[in-house]
Amino acid sequence: MKIEVLGKGNFTPGQHIEDYANKRLAKVIKLFGEDQINTVRVLCKIYKDHHKVEITITAGGNIIRAEVDGIDMYAAIDLAV
């Protein structure tokens, strides 16, 4: 299982954002069990006045999704988790 951290538009997430997302999602992965989760995808977007993070997890035939706007990327990741 690999966590994909992707950017949309002209944004490419740096290593700090990838590390932060991995750290924060570790709790969720532990909750469901690493063997139950197929994929984890984090999509980051930047707009003029806010940032958006979409997290999609496929686990055991189910899809869990969160989409959050925040004042910065780290806050949006926290709220989505």
Partners passing salt bridge (charged side-chain N to carboxylate O under 4.0 Å, His left out) against Asp69 (at least two apart in sequence or in another chain): none
Are the side chains of Tyr74 and His16 in contact, using a 4.5 Å heavy-atom criterion? yes
Could you tell me which residues satisfy side chain to side chain contact (heavy atoms under 4.5 Å, CB included) with Leu31, sequence neighbours excluded, listed by chain and number? none
Which atoms form the tightest heavy-atom contact between Ala80 and Ala66, and what is the distance? O-CB, 3.7 Å
What's in the same ILVMFWY side-chain cluster as Val68, cut-off under 4.5 Å, chained through other members? Leu79
At what distance, to the nearest 0.5 angstrom, does CZ of Phe11 lie from NE2 of His51? 7.0 Å
With sequence neighbours excluded, residues passing side chain to side chain contact (heavy atoms under 4.5 Å, CB included) with Glu18: Val5, Gln15
Selection residues 71-81 - residue pairs positive for salt bridge (charged side-chain N to carboxylate O under 4.0 Å, His left out), sequence neighbours left out: Arg24-Asp78
Contacts satisfying salt bridge (charged side-chain N to carboxylate O under 4.0 Å, His left out) that involve residues 7-17 (not counting sequence neighbours) are none
Hey, could you give me each pair passing salt bridge (charged side-chain N to carboxylate O under 4.0 Å, His left out) that has a residue in residues 56-68? Not counting sequence neighbours. Lys52-Glu67, Glu54-Arg65, Arg65-Glu67
When Ile, Leu, Val, Met, Phe, Trp and Tyr are grouped by side-chain heavy atoms lying under 4.5 Å apart, directly or through other members, which residues fall in the same group as Leu43? Leu6
Which ILVMFWY residues can you reach from Tyr47 by hopping between side chains whose heavy atoms are under 4.5 Å apart? none
When you look at CG of Asp35, are more than 12 heavy atoms from neighbouring residues, nucleotides or ligands closer to it than 6.0 Å? yes
Heavy-atom side-chain proximity of Val53 to Met73 below 4.5 angstrom: yes
Those residues at least two apart in sequence (or on a different chain) that pass salt bridge (charged side-chain N to carboxylate O under 4.0 Å, His left out) with Glu4 are none
Of the options Val28, Leu25, Ile29, which is the one that meets Ile37 in a side chain to side chain contact (heavy atoms under 4.5 Å, CB included)? Ile29
Within the distance-only criterion (no hydrogens, no angle test), does the side chain of Thr58 pair as donor or acceptor with the backbone N or O of Ile63 below 3.5 angstrom? no
The side-chain hydrogen bond (donor to acceptor under 3.5 Å, both in side chains) partners of Thr56 (sequence neighbours excluded) come to none
Side-chain contact test, heavy atoms from C-beta onward, threshold under 4.5 Å: evaluate it for Thr39 versus Ile57 and give yes or no. no
With Phe32 via ring pair (Phe, Tyr, Trp, His ring centres under 6.0 Å) - residues at least two apart: none
